[in-house]
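Just so it is clear: chains get the letters A, B, ... in the order the sequence lines come, proteins before strands, and each one is counted from 1. Note that these values count all heavy atoms, side chains included, but never hydrogens, waters or copies made by symmetry.
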There are 2 protein chains.
Amino acid sequence: MSDGAQFRQVSPVRLYQRIVEQIEQAIVRGDLKPGQRLPSERELVTQFGASRPTVREALRVLESDGLVRSRPGDPNGPEILPYSSAGLTKQMTRLVQFDNVSMAELISFRMILDGSASSLAARLRSEEELSAMERTIAVMSEAIEEGYEEFSKADVAFHEAVAVASRNSLIEVCNQVVRGAVLALISDKVAHAHNSAALMRESLRHHQEVLEAIRTGDGLAAARISRRKLYEYYAGYVPENERGPLLALVEDEES
Amino acid sequence: MSDGAQFRQVSPVRLYQRIVEQIEQAIVRGDLKPGQRLPSERELVTQFGASRPTVREALRVLESDGLVRSRPGDPNGPEILPYSSAGLTKQMTRLVQFDNVSMAELISFRMILDGSASSLAARLRSEEELSAMERTIAVMSEAIEEGYEEFSKADVAFHEAVAVASRNSLIEVCNQVVRGAVLALISDKVAHAHNSAALMRESLRHHQEVLEAIRTGDGLAAARISRRKLYEYYAGYVPENERGPLLALVEDEES
DNA sequence: GTGAGCTTACTGGTCAGGCCAGTGATAACG
DNA sequence: CGTTATCACTGGCCTGACCAGTAAGCTCAC
C-alpha cells in the first residue's frame, strides 16, 4: 500500500443534501435568523438550479429537523424557526425505544440526572428559582385530594424547576425525555398503584426533603435524597435481579 | 365552555408524514428489522396510494433520521439501518452551535456522565471489562510517542470501555455524543494545545488514577477523579465567569 | 376617511409521467 | 463449473400541471 496520499471514503451526495447543507449553514452562521423567511419553493428552484421536488425534499428534511416550517398558502415563504429541543427529544426517545433500553437502565439514568440536577440546583439556584420550586410543592400538597392526575403534573413541574435551576439545559432535556419514557412504560400500572393519598403524601414528604437540601445549599444531600426517593418509587418496576446498579447509585454517597 | 368533550389542537398532517409515521412505527415495533429492505419506491407508491414525490419526501426524512438508506440502483430497495447515535449527535451538536448550550454546559454534562460511568463501573465491572480498560491505558502509554492523534483515539477507547462497564447504554451513548460534540467544537485548538508529550503523560496519569479507583471498587473516588480530570483538561475552553457550575461538580464530593 | 368584503396573485401540497445512470440477479457463455 | 454480459428494475432528478389555501390589496358602501 502506498504511503503517500491518504484517500477518504467518498459517498455520493444527493442534490437535496447540498441544499440542506447550504440552508443549514446559513442558519447556523446567523445569516438567517428565526422569524425570517426563506424564498418560496419556486424561487429556491431558480436560486439552487434544482427542480421543485428536489427543493421540496430538502425542505422536508429541514422541517423534520425543526429548522423551518412551511405553511400552505403562506405568501411569505417557509419560516425559520427558533431553536427548540424537539429534535433532540425525538432522537433521544428513539434511542430509548429502539435500543429497547431496559427499565433498570432508564431509572438508573434518571437517578443520575435528577441527582445531579438537585446537586447543582442546591449550589446555583437563585431565590426566584427556589420559590418556583416551593410553589410546585405547594401545588402538589393541594393536589393530593384532587387525585393522581393533578399530583403527577405538579410532581413533574417540581423536577422541571429543579432542572432549570441546575442551569444546564442538557440535563433539563435529557431528564425530560427519560422521565417521559419511564412514565410511558408504566403509566398503566402507576395510575392505580400510586393513586392513594398515603403514597402521595409520602412522595410529597420526599420532595420536601429534597427542597430543603436545595434551600440549605447541601448539594450532596440533595443528590442523595433525590436518588433514594426515585429508587424507592420505581424499584418495584424493576426485576429484582436487575436492581444492583440502582442500589449502587443509592449507596454511593453514603459510606 | 362545555365540560363534555375535550378537543385537542389539530394541525394539518402532510401525506408524507403519514408515511413516515407508518414506516417509523413498523421499525419501532420490530416488524422491520435492521438489514431488511423496504419495497421499492414505485411499490411503496402503490401500497400507500401516494405519488412518488410524496413517497420520496417520506424516505428522505427517514434517511436524514438515520432509519433507512437508499442506494441508487439497488434492486432490493431501501435498507433498514441498525440504530446509530448519529442522529442524536447531530441534534446535540446543533443544540450547541445555536449557542443555546454553552461550552460550560457541555463539559458540565460530560463531567456528570463520565463521573457516573466511572462510579458505576467501579462497582459493576467484570474482570474482563477491567482488563479491557487496562489494555486501552497501555495503548495510550505507547501512543504518547506517536502523537496526539493516536493518543486521543486510545483516550476515547478508555472512556468507552468505562461506559460499557457501567452497564448503562444511555450513559454510553450520551457520553459518546457529548464527547463528540465537545471535540467537534475544539478540535482545531486542541490539536495544537495538547500535542505535547508532557501533557499526554499528565493525562495518562489521570487515567491511571481513575482506573485504579475502578479496580479497587471505590466508586466515589473514581467519580471524583474523573470529574476533576475533565475539569482540568477542559476548563481552559470555558470563559472564567462560567466555570462556577463546573467547580461545583468538582468540589461536590470533597467536603 | 374608514372599515368590511371581495379579488387576485401567489403559496405550498400533490400528482402523473418521463429520462438517466446505476445495480445486481440471472442467463448465456467459455 | 466459474465468468461474463445482459437486462429488468432501482433510485435520482426533471418537467409541467392542478388544487386549496393565504393574505395583500382593491373595491365599495358607509
Q: Take A/Q22 and A/F48, measure what side chain to side chain contact (heavy atoms under 4.5 Å, CB included) needs, and give me the verdict at the end.
A: CA-CA 10 Å; A/Q22 285 199 41; A/F48 284 113; 3.6 Å; yes
Q: A/F48 CZ to D/dC13 C1': how many Å, rounded?
A: 16 Å
Q: Does OP1 or OP2 of D/dC14 have a side-chain N or O of A/T54 closer than 4.0 Å?
A: yes
Q: Show your working on side chain to side chain contact (heavy atoms under 4.5 Å, CB included) between A/M140 and A/D155 and close with a plain yes or no.
A: CA-CA 7 Å; A/M140 282 177 77; A/D155 184 351; 4.2 Å; yes
Q: In whole Å, what is the span from the CD atom of B/E41 to the C1' atom of D/dG12?
A: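 My rounded result for the distance is 8 Å.
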Q: If you pin A/Y16 and B/N76 to their nearest nucleotides in DNA chain D, which one's is more 5'?
A: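 The residue mapped nearer the 5' terminus is B/N76.
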Q: Are there over 12 heavy-atom neighbours, none belonging to A/K153, within less than 6.0 Å of that residue's NZ?
A: no
Q: Is any side-chain N or O of B/R71 under 3.5 Å from a base N or O of D/dG12, one able to act as donor and the other as acceptor?
A: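 Side chain to base: no pair present.
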Q: If we ignore hydrogens and angles and just use 3.5 Å, is the side chain of B/T54 paired with the main-chain N or O of B/A50 as donor and acceptor?
A: no
Q: Round to the nearest Å and state the distance from A/Q17 atom CD to D/dG12 atom P.
A: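 That distance rounds to 9 Å.
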Q: Just the endpoints, please: which first and last nucleotides of DNA chain C, 5' to 3', lie under 4.0 Å from a heavy atom of chain A?
A: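 Taking any atom under 4.0 Å from a heavy atom of chain A, the span is C/dT11 to C/dT14.
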Q: What integer distance in Å separates B/R37:CZ from D/dT10:P?
A: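 Spelled out: CZ on B/R37 to P on D/dT10 is 13 Å.
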Q: On DNA chain C, does the nearest nucleotide to B/P53 precede the nearest nucleotide to B/R42 from the 5' side, or the other way round? Give the residue.
A: B/P53
Q: Ignoring the backbone of A/P75, work out which of D/dC13, D/dC18, D/dT22 is nearest its side chain.
A: D/dT22
Q: Judged by each residue's nearest nucleotide on DNA chain D, which is more toward the 5′ side, A/L15 or B/E43?
A: B/E43
Q: Do the side chains of A/R179 and A/E160 get close enough for a salt bridge, i.e. N-O under 4.0 angstrom?
A: yes
Q: Would you indicate what B/R60 reaches in the nucleic acid, counting non-hydrogen atoms under 4.0 angstrom: base, sugar-phosphate, or nothing?
A: sugar-phosphate
Q: Heavy atoms only, 4.0 Å cut-off, all strands: where does A/P12 land among base, sugar-phosphate and nothing?
A: nothing
Q: Counting only side-chain N and O atoms of B/R56, is one of them less than 4.0 Å from OP1 or OP2 of D/dG12?
A: yes
Q: Hey, mind stepping through A/D65 and B/S64 against side chain to side chain contact (heavy atoms under 4.5 Å, CB included) and telling me if it holds?
A: CA-CA 9 Å; A/D65 281 354; B/S64 116; 3.9 Å; yes
Q: Sequence neighbours excluded, which residues qualify as salt bridge (Lys or Arg N to Asp or Glu O under 4.0 Å) partners of A/R69?
A: A/E79
